[in-house]
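The structure under discussion is supplied below as structure tokens; questions concerning it will follow.
Excluded from the calculations below are hydrogen atoms, water molecules and symmetry mates; all remaining heavy atoms, backbone and side chain alike, are included. Proteins get letters first, then strands, A, B, ... in listed order; numbering begins at 1 in each.
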Amino acid sequence: MSSYQFQRRENYWQSYWQKEKFFHFNPKAKGKIYAIDTPPPTISGRLHLGHVFSYTQAEIIAAYRRMAGFNLRYPLGFDNNGLPTEKLTEKETGLNPHQTKLKTFIKACSTVIAQYQPGYKNLFRHLGFRWAENLEYLTISPEVQKLSQATFLKLYRRGEIYRQNSPVLYCPQCQTSVAQAEVEDRERKSVFYNLTFRRQNGKELIIATTRPELLPAIVAVFVHPDDKRYRRLEGQSVTSPLGDRVKVIANAKVDPKKGSGAVMCCTYGDSTDVYWVKTYHLKENIIIANDGTINENAKIPEIIGKTISEARKILVEKLKKKGAIKGEKAISHSVGVHERCSTPIEIIPQPQWFAKILAHRQEMLRAGDKINWQPAKMQRRYQDWIKGLKWDWCISRGRFFGIPVPVYHCPHCHKIVLPDSKELPIDPRQQRRRCPYCNHWLQADGNVLDTWFTSALTPDINNRHPANGPLRGKLYPLALRPQGHDIIRTWATYSLLMGLLNHRRPPWKNIMISGHILAKKGEKISKKTGGGQYRPEDLIARYSADALRYAMTGASLGLDAYFEEKEIKQGLRLITKLYHAGKFVIFNLGGDYQPAALKFSQLEAFDQWILFQAQQTAQLMAKYLDKFRYHQALIAFEKFFWHNFCDNYLEISKERVYGPDGRGKTAAQFTLYHGYLAILKMIAPFLPHISEEMYHSFIASPEKGRLESRPGRGLFARNEKIASVHLTPWPKTNYRLAASKASGAELALAIIEKVRATKSRRQLSLSLPLSQLSIRGLNSDWQNLQPFLKDLASVTKSRQILHRSAQKFSLTIRL
RNA sequence: GGGCCCGUGGCUCAGGGGUUAGAGCACUCGGUUCACAUCCGAGAGGCCGAUGGUUCGAAUCCAUCCGGGCCCACCA
């Protein structure tokens with residue numbers, strides 16, 4: 001009747017762990033340090049199943065490492081600055097940062113963070129995560145700001161960071177520059193307009209474009225050098241429909257098959273324009289202002305001050321009236337948009353800060369080779385990204401809530417003024433000062449750092465955390481970075497760059513890359529889709545955290561998986577089974593059981609067999625978990641626990657444990673104790689609650705068959721003298737099973753299976769007694785079977801087992 | 001267009017040159033007073049995406065193709 005009440009019990013153990021601080025990092029504890037560079041989730045709303053998926057996979061590995069004897073350093077941080085947090089704040093408060101006092105907006109952001117952060121932490125807690133609370137960090141904290149700014153200044157002084165007025169990818173909606181990595185492609189409907197230009201000889205030249213509004217920004221026309229149609233045009237001027245005269249230049253980047261084969265180069269329509277302007281030293285003509293409207297450089301009064309799309313409409317009308325549009329074609333093409341707001345990205349020159357990454361490509365590739373990528377294939381994504389980089393990393397953002405670029409500019413003597421490192425963290429926007437050279441009031445740089453700049457420093461944040469005590473600054477490189485494959489090009493790449501620049505080596509030895517969880521075919525559960533219909537909190541309430549965790553291990557590392565509610569149910573089944581198996585074990589050991597000091601050789605054959613299987617399983621799981629293959633480890637566990645232990649061994653042991661005291665019973669009890677304890681340990685990384693529950697369980701009421709679970713009382717905890725199953729060592733035994741015993745067990749199990757099959761086929765009860773079981777087979781097999789016969793008779797309910805010598809194995813059953 | 005991944009029973013996934021290809025769910029049949037109906041047993045169900053090739057042997061390696069996904073490029 002009594003069963004496991006996960007709603008209550010999971011919470012109970014979470015409180016216990018938190019109260020006892022079991023998982024706090026202690027730099028002086030035993031064991032080799034295993035430091036994990038956990039992803040700090042961005043506070044941008046709520047956590048979704050996608051987070052749970054990848055975090056759970058890493059948490060399992062972490063918990064296993066602790067049991068494997070490492071001094072685990074498993075932190076959790078929160079990334080609470082930058083655009084996502086600003087967007088959340090805008091939504092929550094209705095404040096528009098462009099029209100709000102900086103101070104007010106920053107304060108509002110802090111308030112919103114304070115509201116949301118506990119929810120994040122709670123979910124991790126309710127998932128049973130065993131992280132070190134004393135290692136927590138916030139990326140907006142003064143310490144991290146200081147680290148980030150100090151790194152900026154150091155790299156600036158070394159020339160690794162530079163400032164340049166350069167065309168950058170720019171989001172007019174968010175009014176900030178963005179990095180290449182934040183741009184995403186979207187298929188958009190558009191129109192290809194054929195514009196008529198005039199050649200010097202008065203003839204028409206058709207140029208096709210989807211961006212007619214950029215016509216006022218034209219700086220040249222390009223054709224392909226081998227294009228016979230335009231060969232004579234090269235070096236000549238042509239006149240745009242608006243009357244601008246520009247040169248025609250030949251360049252191989254032109255695709256003669258696209259449009260008319262002649263392209264207008266405007267500043268800036270795309271990255272090819274940037275390339276051409278740089279290559280041919282063309283003069284820029286910028287007509288888009290930072291807020292995404294057309295500025296006066298366009299020289300067409302009707303469109304000045306209009307947005308890009310408005311300007312396009314107006315200008316198309318105007319050109320049509322003039323007869324300058326010869327045909328249009330609706331097309332669908334992909335447009336680079338800002339991943340956060342889906343606004344098409346513009347290219348606008350701005351003074352920006354860049355970190356040199358192009359110059360370090362070779363080193364970065366070499367550094368990538370020194371890291372153990374799991375799955376190994378993921379390294380290829382990193383390499384491809386590095387090889388394909390075209391721009392240095394733009395690390396400044398014209399935003400508000402972030403770590404400020406620690407720089408002042410002097411409007412008078414034009415010097416750049418840097419704060420002293422003792423003054424960090426500093427916000428030049430809020431701390432005014434005078435120029436040390438000319439005493440004028442300085443201007444703040446006004447930019448904040450790309451959040452990835454700070455995120456890329458998480459290995460350093462962890463390495464320099466005060467809780468490291470004597471190990472502070474000595475943890476580099478860390479053992480493991482777990483992360484999703486979608487941020488290889490950002491987080492992994494930038495972290496590696498920072499590692500090379502600051503430490504001349506990669507920040508970690510291993511990197512495990514998780515896949516995505518998909519709600520159904522093609523639909524990614526993420527911030528963008530809102531997490532689909534499944535909320536982690538609801539699933540925990542309905543099925544338990546352990547069951548949800550179970551479902552999160554349904555696919556191999558790195559693979560995207562479809563979420564199936566059925567898998568959670570299966571997890572719940574496993575939990576129930578663990579509970580009942582534990583109940584059986586504990587009741588058959590008795591209230592004050594202490595395992596006898598038996599040697600392996602003193603056990604019955606089946607006892608030896610199951611303990612040997614447990615040992616093999618623990619080894620196999622360890623082998624898998626060492627390679628981050630949690631899924632394969634879990635499969636190995638289930639096969640052992642469910643099939644070998646429950647279906648076979650528990651049935652086999654019943655006769656002996658139910659029977660009178662004696663050697664057989666003592667051995668069975670010993671085996672139940674150690675077998676089930678090993679099971680609890682092996683499943684502990686995966687299912688933290690039920691394993692702890694059973695570890696602390698004791699007989700509360702022998703008459704009612706009721707178990708209770710409490711620290712200090714548990715049958716296993718009491719004997720093992722360790723306060724949590726999660727602090728126990730991974731099962732490690734050194735049993736040897738003789739070859740004759742191994743083959744005897746195999747044969748005995750085959751016989752059991754055969755008997756069951758026969759009874760089942762004849763539609764008989766499995767508990768039906770048999771008067772005789774006669775086995776034909778080799779004499780040697782019969783010899784091997786000897787030690788198993790007693791248990792074999794009891795589990796098959798056979799009164800008598802006979803043997804006849806024969807070449808071929810067969811079985812006869814007599815009722 | 002380039003790169004990568006995936007395509008295995010109805011579903012979600014293991015396996016990944018060598019005996020009759022696995023698991024769970026779902027399905028069928030049967031059993032079960034005493035750890036567990038959140039159980040046990042048995043069964044049915046698969047030309048391992050297609051076609052070629054390498055090999056004594058291919059689900060597994062190679063090539064091509066088809067289908068799905070991710071990333072990147074193109075964005076005139």
Legend entry - Contacts of A250(A) that satisfy side-chain contact (heavy atoms from CB on, under 4.5 Å) - sequence neighbours left out: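 A250(A): side-chain contact (heavy atoms from CB on, under 4.5 Å) contacts with V223(A), P225(A), E234(A).
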Under-3.5 Å N/O pairs linking protein and nucleotides 21-24 of chain B:
| residue | atom | partner | partner atom | Å |
| --- | --- | --- | --- | --- |
| G24(B) | O3' | R573(A) | NH1 | 3.2 |
| G24(B) | O2' | Q570(A) | OE1 | 2.5 |
| G24(B) | O2' | Q570(A) | NE2 | 3.0 |

Legend entry - Euclidean distance for C1', U12(B) against U55(B) (whole angstrom):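 My reading of the C1' atoms in U12(B) and U55(B) gives 34 Å.
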Inset, instruction - Name all residues meeting the salt bridge (charged side-chain N to carboxylate O under 4.0 Å, His left out) criterion together with E753(A); count only those two or more places apart in sequence or in a different chain, and write none if there are none. - result: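 Once residues adjacent in sequence are excluded, E753(A) has no partner under the salt bridge (charged side-chain N to carboxylate O under 4.0 Å, His left out) criterion.
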Legend entry - Partner set under side-chain contact (heavy atoms from CB on, under 4.5 Å) for D226(A), not counting sequence neighbours: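 Checked D226(A) against side-chain contact (heavy atoms from CB on, under 4.5 Å); matches are H224(A).
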Legend entry - Dot-bracket line, read 5' to 3' along RNA chain B, where crossing pairs take [ ] and | marks a partner on another strand, Watson-Crick or G-U under 3.5 Å: ((((((((.[[[[.)..(...]]]].(((((.......))))).....[[[[[..)....]]]]])))))))....
Donor-acceptor pairs under 3.5 Å, side chain of residues 633-648 of chain A to any protein atom, not counting sequence neighbours: which ones?
| residue | atom | partner | partner atom | Å |
| --- | --- | --- | --- | --- |
| E638(A) | OE1 | Y550(A) | OH | 3.0 |
| E638(A) | OE2 | Y550(A) | OH | 2.8 |
| N648(A) | OD1 | R756(A) | NH1 | 3.3 |

Inset, instruction - Can you measure from CG (L548(A)) to CG (L687(A)) and round to the nearest 0.5 angstrom? - result: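 Answer for the CG-CG pair, L548(A) versus L687(A), is 11.0 Å.
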Legend entry - Qualifying residues under side-chain contact (heavy atoms from CB on, under 4.5 Å), relative to Y280(A), sequence neighbours excluded: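 Per chain and number, Y280(A) pairs via side-chain contact (heavy atoms from CB on, under 4.5 Å) with F222(A), I249(A), N251(A), W276(A), L282(A).
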Legend entry - Interatomic distance where CE belongs to M378(A) and C1' belongs to C6(B) [whole Å]: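 In whole Å, C6(B) C1' lies 11 Å from M378(A) CE.
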Legend entry - P-based separation of U54(B) from A44(B) [nearest Å]: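 Here A44(B) and U54(B) have their P atoms 37 Å from each other.
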Distances under 3.5 Å between nitrogen or oxygen atoms of protein and nucleotides 1-5 of chain B:
| residue | atom | partner | partner atom | Å |
| --- | --- | --- | --- | --- |
| G3(B) | O3' | R380(A) | NH2 | 3.1 |
| G3(B) | O2' | D384(A) | OD2 | 2.7 |

Inset, instruction - Check whether the side chain of S765(A) and the base of G31(B) form a donor-acceptor pair under 3.5 Å. - result: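 No, no donor-acceptor pair under 3.5 Å.
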Inset, instruction - Could you tell me which residues satisfy salt bridge (charged side-chain N to carboxylate O under 4.0 Å, His left out) with R656(A), sequence neighbours excluded, listed by chain and number? - result: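 With neighbours one apart ignored, the set is D607(A), D791(A).
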Inset, instruction - Using the test side-chain contact (heavy atoms from CB on, under 4.5 Å), find all partners of R211(A) that sit at least two apart in sequence or belong to another chain. - result: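 With sequence neighbours excluded, R211(A) shows a side-chain contact (heavy atoms from CB on, under 4.5 Å) to T209(A), E213(A), L214(A), I288(A), I308(A), R312(A), E346(A), given in chain and number order.
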Inset, instruction - Using only side-chain N and O atoms of S3(A), determine if any of them is under 4.0 Å from OP1 or OP2 of C36(B). - result: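 S3(A) to C36(B) OP1/OP2: no side-chain N or O under 4.0 Å.
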Legend entry - Rounded distance in Å - CG (D486(A)) to P (C72(B)):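 Taking atom P of C72(B) as the reference, CG of D486(A) is at 10 Å.
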Inset, instruction - List for me each residue that meets salt bridge (charged side-chain N to carboxylate O under 4.0 Å, His left out) alongside E328(A), sequence neighbours excluded, and say none if there are none. - result: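 Per chain and number, E328(A) pairs via salt bridge (charged side-chain N to carboxylate O under 4.0 Å, His left out) with K320(A).
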Inset, instruction - Just jot down the side chain to side chain donor-acceptor pair (under 3.5 Å) partners of T617(A), sequence neighbours excluded, or say none. - result: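 Side chain to side chain donor-acceptor pair (under 3.5 Å) list for T617(A), sorted by chain: empty.
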Legend entry - Euclidean distance for P, A63(B) against C71(B) (whole angstrom):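 Straight-line distance between the two P atoms is 25 Å.
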Inset, instruction - Could you measure between the two C1' atoms, the one in G46(B) and the one in G10(B), and give it in whole Å? - result: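 G46(B) and G10(B) have their C1' atoms separated by 12 Å.
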Legend entry - R489(A) CZ - C70(B) P separation (whole Å):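 In whole Å, C70(B) P lies 13 Å from R489(A) CZ.
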